[in-house]
Amino acid sequence: MAAATAYAQSGASVTLQADAPDHRAMEKLARARNCMTCHATDRTLLAPSYRDIAKRYAGQPGATDELTRSISDGSQGKWGKIPMPAGLQLAPGEANDLARWILGMMPGSRP
Ligand code: HEC
């Protein structure tokens, strides 16, 4: 409960978070789609953490579209030498939901 409140409060000043999808449902989806094999919320694994991604794109116009594209088509050369593969078998709309969820994770928030 306290964590959820902190999450909501820290997001209050971030416009991007206003329409961020429900955290628990999205975390479940990310697991189901194998995103969490390579990514963690606040640690760098094989791939950048979601918080680092949120931080890098915070306040950038078009960030949602750019991340939606990366999630559906894959990404390379933006973070390091390891590429993110395309073809993660997402249903329509899921890449956009995941992009908005990730952008809603500003550093310091503890969902
Ligand atoms: C096989 C490992 C792997 C899987 C599975 C994976 N990613 Fe990634 N992801 C990466 C790597 C590596 C990068 C960094 C790519 C780069 O440098 O451009 C990345 C980058 C990203 C980025 C940042 C892209 C950008 O434009 O800056 C987002 C957002 C992202 N991943 C979300 C997801 C989501 C959501 C899923 C599940 C649908 C997922 N990833 C599954 C490895 C993975």
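When a ligand or atom number is given, it counts from 1 through the structure's own listing order. Residue indices begin at 1 and follow the sequence shown.
In terms of protein heavy atoms, atom 12 (C) of ligand 1 is closest to I82 O, 3.2 Å. In terms of protein heavy atoms, atom 22 (C) of ligand 1 is closest to I53 CD1, 3.6 Å. The shortest contact between atom 18 (O) of ligand 1 and any protein heavy atom is with S75 OG, 2.6 Å. For atom 42 (C) of ligand 1, the closest heavy atom belonging to the protein is A47 CB, 3.5 Å. Scanning the protein for heavy atoms near atom 17 (O) of ligand 1, the closest one is W79 N, 2.7 Å. Taking atom 25 (C) of ligand 1 as the reference point, the nearest protein heavy-atom neighbour is Y57 OH, 3.3 Å. The protein heavy-atom contact nearest to atom 38 (C) of ligand 1 is C35 SG, 2.7 Å.
Per-residue contacts place Q76 under 4.0 angstrom from the following atoms of ligand 1 (heavy atoms of the residue considered): 16 (C), 18 (O). Set against the non-hydrogen atoms of N34, the atoms of ligand 1 under 4.0 Å away are 5 (C). Ligand 1 places these atoms under 4.0 Å from at least one heavy atom of G80: 17 (O). Which parts of ligand 1 touch P83 is read off a 4.0 Å heavy-atom cut-off, strictly below it: atoms 12 (C). Counting atoms of ligand 1 from 1 in the listed order, those under 4.0 Å from a heavy atom of C38 are 1 (C), 2 (C), 3 (C), 4 (C), 5 (C), 42 (C), 43 (C). When each atom of ligand 1 is checked for a heavy atom of P48 under 4.0 Å away, the hits are 13 (C), 14 (C).
The environment of R43 atom CZ is sparse: at most 12 non-hydrogen atoms of other residues, nucleotides or ligands sit within 6.0 angstrom. By the 6.0 Å contact criterion, NZ on K78 is enclosed, its count of non-hydrogen atoms from other residues, nucleotides or ligands being greater than 12.
Taking 4.0 Å as the cut-off, T37 does not count as a neighbour of ligand 1 on heavy-atom distance. Ligand 1 lies nowhere less than 4.0 angstrom from a heavy atom belonging to A30.
Checked by distance only, ligand 1 and S70 come closer than 3.5 Å through their nitrogen or oxygen atoms. Backbone and side-chain nitrogen or oxygen atoms of K78 are examined, and one is located within less than 3.5 angstrom of a nitrogen or oxygen of ligand 1.
In this structure, the side chain of S75 does not engage the main chain of I71 through any donor-acceptor pair within 3.5 Å. Between the side chain of E27 and the backbone N or O of R24, no donor-acceptor pair lies under 3.5 Å. Distance alone, capped at 3.5 Å, is enough to place a donor-acceptor pair between the D22 side chain and the A25 backbone.
When non-hydrogen atoms are compared, ligand 1 lies under 4.0 Å from the side chain of P85 (C-beta onward) but not from its backbone.
Ring pair Y57/W79 is tilted by interplanar angle, where 30° to 60° counts as tilted.
When all heavy atoms are compared, the tightest approach of L45 to C38 is CB-O, 3.3 Å. Taking all atoms of both residues into account, the shortest heavy-atom contact from T68 to T64 is OG1-O, 2.6 Å. Between L88 and R33, the shortest heavy-atom distance links the atoms O-CD, 4.3 Å.
Summarising the geometry, atom CG belonging to D97 is positioned 5.0 Å from atom CE belonging to M26; distances are rounded to the nearest 0.5 Å.
With atom 8 (Fe) of ligand 1 at the apex, M84 SD and H39 NE2 define an angle of roughly 170° (rounded to 10 degrees).
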